[in-house]
Amino acid sequence: MIMHAEAIEIVVGTYQNPLQLLNLPLSEAVDFEYQFDGQHIAAVMAQGLATESQLSRIIDMLHKLPIHDEAQWQPYRTQPIFWILPHLEKQQLVDWVSRLHALFPHCFEHPHSRFFPMGSAGFFSALSALKALPVDSQSAIFIAVDSLYFALSDLQNEQELITQQQDSGRCPAEAVIMANINVATDGMHVLDLFQESCSLVQQTQAIKTLFNRACQVDDIDQLSQLYLPGNHSTVTDNWVNAYEQLAGKINQDTQITQSSYFTGDIGCVVGLYNFLHIYNRYQQQTVTGISLQLEVSQQLHLGVAMYSWIEKA
């Protein structure tokens, strides 16, 4: 599957310039300074958003997209929406869908619209859904949204935040992205895509399995760049323990990118962000060769995709 992608809106905390955000870390850096509960911490949060519930805050973030106004939405209404959301239990998902439908009814007109409430790895499920659309209409609007604002208190209590007294830990953030992705004849080629589900204690073994499957893809001799999670020490430890499975496909020139180091932890949005970041680098010809993207959701889901770039003939 070969794809064109266009980032319509990218918002990370207070930052809303897609060019700046997609060109990180080479563009102007994001400010990680945030005041929480009278303490300076490292976080990337917006100002003035709802604080009563996660859904209310996410709705405020969605209002930064051209979805709240039916007239603004007109150019996109012929395409399905693939909603990439944090991990939600069944009743939570029902409540969220009901609220979103009431607020944005014009965004629910296409019969192929779907929700992927499974964290960052949900992006890979959305890619598979795009491929499964009828051949003459393989195009969709991807919307990913998440906020770790309501994790701040727990992370503070567990001493997992970066503060003036503690120089290592988590950097919570919030983000929303809207992108138009369609199957094309040139652009980013998905060489293969593998997904797994597992418990936390099985995560290292699941990542090993994914890396092994990636190494067995026929067209892959060498991996030029790896996009790997950096937002959580446990997940990082798990892929580090599986890293040797890539031996023979990597060398000293293979680049490793952990995008959370320059965006903060944007939760489920990172899958779509990393995809667009890779796409942008190929388009600008700042990278070549084959890329691997690993996404590990906080619960259950993980996956690997491999990409190359095909220029227009």
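Note: hydrogens, waters and symmetry copies are ignored here, and every other heavy atom, side chains too, is used.
Looking at N23, its side chain never comes within 3.5 Å of a backbone N or O of L26 through a donor-acceptor pair. Looking at Y34, its side chain never comes within 3.5 Å of a backbone N or O of V44 through a donor-acceptor pair. R57 places no side-chain N or O within donor-acceptor distance of the main-chain N or O of T51, the cut-off being under 3.5 Å. At distances below 3.5 Å, at least one donor-acceptor pair connects side-chain atoms of Q202 with backbone N or O atoms of S199. Although no hydrogens or angles enter the test, the distance criterion places a donor-acceptor pair under 3.5 Å between the side chain of H63 and the main chain of I59. With hydrogens and angles ignored, the 3.5 Å screen pairs a side-chain donor or acceptor of Q92 with a backbone N or O of E89. A distance-only check finds no donor-acceptor pair linking the side chain of S120 to the backbone of V270 [under 3.5 Å]. Judged by distance alone, with hydrogens and angles left aside, the side-chain atoms of N17 form a donor-acceptor pair with the main-chain N or O of L19 at under 3.5 Å. For S113 (side chain) and I81 (main-chain N/O), a donor-acceptor pair under 3.5 Å exists by modelled atom type. The main-chain N or O of M178 is never found under 3.5 Å from a side-chain atom of E9 such that the two would form a donor-acceptor pair.
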- Task: Would you please test H112 and L133 for side-chain contact (heavy atoms from CB on, under 4.5 Å) and show each step?
- Result: CA-CA 8 Å; H112 292 301; L133 290 175; 3.7 Å; yes
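Other residues, nucleotides and ligands contribute over 12 non-hydrogen atoms within 6.0 Å of the CG atom of D253.
In this structure the side chain of T286 reaches within 4.5 angstrom of the side chain of Q284, judged on heavy atoms. Using a 4.5 Å heavy-atom cutoff, the side chains of R99 and F104 are not in contact. You'll find the side chain of M118 stays beyond 4.5 Å of the side chain of L85, heavy atoms only. Counting heavy atoms from C-beta on, the side chains of S259 and L24 never come closer than 4.5 Å. Looking only at side-chain heavy atoms (C-beta outward), Q293 and E295 come within less than 4.5 Å of each other. Residues V30 and T14 fail the side-chain proximity criterion, which asks for heavy atoms closer than 4.5 Å.
To the nearest 0.5 Å, atom OG1 of residue T254 and atom CD of residue Q222 are 5.5 Å apart. Within the model, atoms CD1 of I84 and CD1 of I143 stand 9.5 Å from one another, a figure rounded to the nearest 0.5 Å. Distance check: M1 CE to D192 CG gives 10.5 Å after rounding to the nearest 0.5 Å. Distance check: L100 CG to L62 CG gives 6.5 Å after rounding to the nearest 0.5 Å. With rounding to the nearest 0.5 angstrom, the CD1 atom of I58 is 6.5 Å from the OG atom of S147. Here the CZ-CG distance, from F142 to L276, works out to 9.5 Å after rounding to the nearest 0.5 Å.
Under the 3.5 Å distance criterion, with hydrogens and angles disregarded, a donor-acceptor pair is assigned to the side chains of D95 and Q91. With hydrogens and angles left out, the side-chain atoms of N238 and T204 include a donor and acceptor closer than 3.5 Å. Residues Q225 and S291 have side chains that bring a donor and an acceptor to within less than 3.5 angstrom of each other. A donor atom on one side chain and an acceptor atom on the other are not found under 3.5 Å apart for Q156 and S153. Side-chain atoms of S53 and S56 include a donor-acceptor pair closer than 3.5 Å. A donor atom on one side chain and an acceptor atom on the other are not found under 3.5 Å apart for Q195 and H301. Between the side chains of N180 and E6, not a single donor N or O lies within less than 3.5 Å of an accepting N or O.
The ring-ring contact (aromatic ring centres under 6.0 Å, His included) test applied to Y273 returns H277, not counting sequence neighbours. With sequence neighbours left out, Y282 forms a ring-ring contact (aromatic ring centres under 6.0 Å, His included) with W309. Under the rule for a salt bridge (Lys or Arg N to Asp or Glu O under 4.0 Å), the partners of D265 that lie at least two apart in sequence or sit in another chain are R170. In this view, E109 and R77 satisfy the salt bridge (Lys or Arg N to Asp or Glu O under 4.0 Å) rule, not counting sequence neighbours. Annotation: salt bridge (Lys or Arg N to Asp or Glu O under 4.0 Å) contacts of R281 (sequence neighbours excluded): none.
Nearest heavy-atom pair across Q79 and H110 is C-CD2, 3.7 Å. Of all non-hydrogen atoms in Q166 and Q159, the two that sit nearest each other are NE2-O, 2.7 Å. Residue E174 comes nearest to L49 through the heavy atom pair OE2-CD1, 3.8 Å, listed as atom of the first residue, atom of the second, then distance. For the residue pair Q20 and A29, the shortest heavy atom distance occurs at NE2-O, 4.1 Å.
Hydrophobic clustering, with ILVMFWY side chains joined whenever heavy atoms are under 4.5 angstrom apart, keeps I67 apart from I10. Tracing side-chain contacts under 4.5 Å through hydrophobic residues (I, L, V, M, F, W, Y), one reaches Y149 starting from L161; they form part of the same cluster. Residues F124 and I177 share a hydrophobic cluster, clusters being chains of Ile/Leu/Val/Met/Phe/Trp/Tyr side chains in contact below 4.5 Å. Clustering ILVMFWY residues whenever any of their side-chain heavy atoms sit less than 4.5 angstrom apart, transitively, puts F115 in a cluster other than the one holding L300. A continuous path of hydrophobic side-chain contacts links V190 to I278 [ILVMFWY only; heavy atoms under 4.5 Å].
Classified by interplanar angle (parallel below 30°, tilted 30° to 60°, perpendicular above 60°), the ring pair F108/H101 is tilted.
Applying the under-4.5 Å side-chain rule to Ile, Leu, Val, Met, Phe, Trp and Tyr, the cluster around M306 extends to L191, F194, I207, L210, F211, V217, I220, L223, L226, L228, V235, W239, V240, Y243, L246, I250, I256, I290, L292, L294, V296, L302, V304.
Two rings, from F116 and F123, have their centers 6.0 Å or more apart. Taking the ring centroids of H40 and F32, they lie at or beyond the 6.0 Å cut-off.
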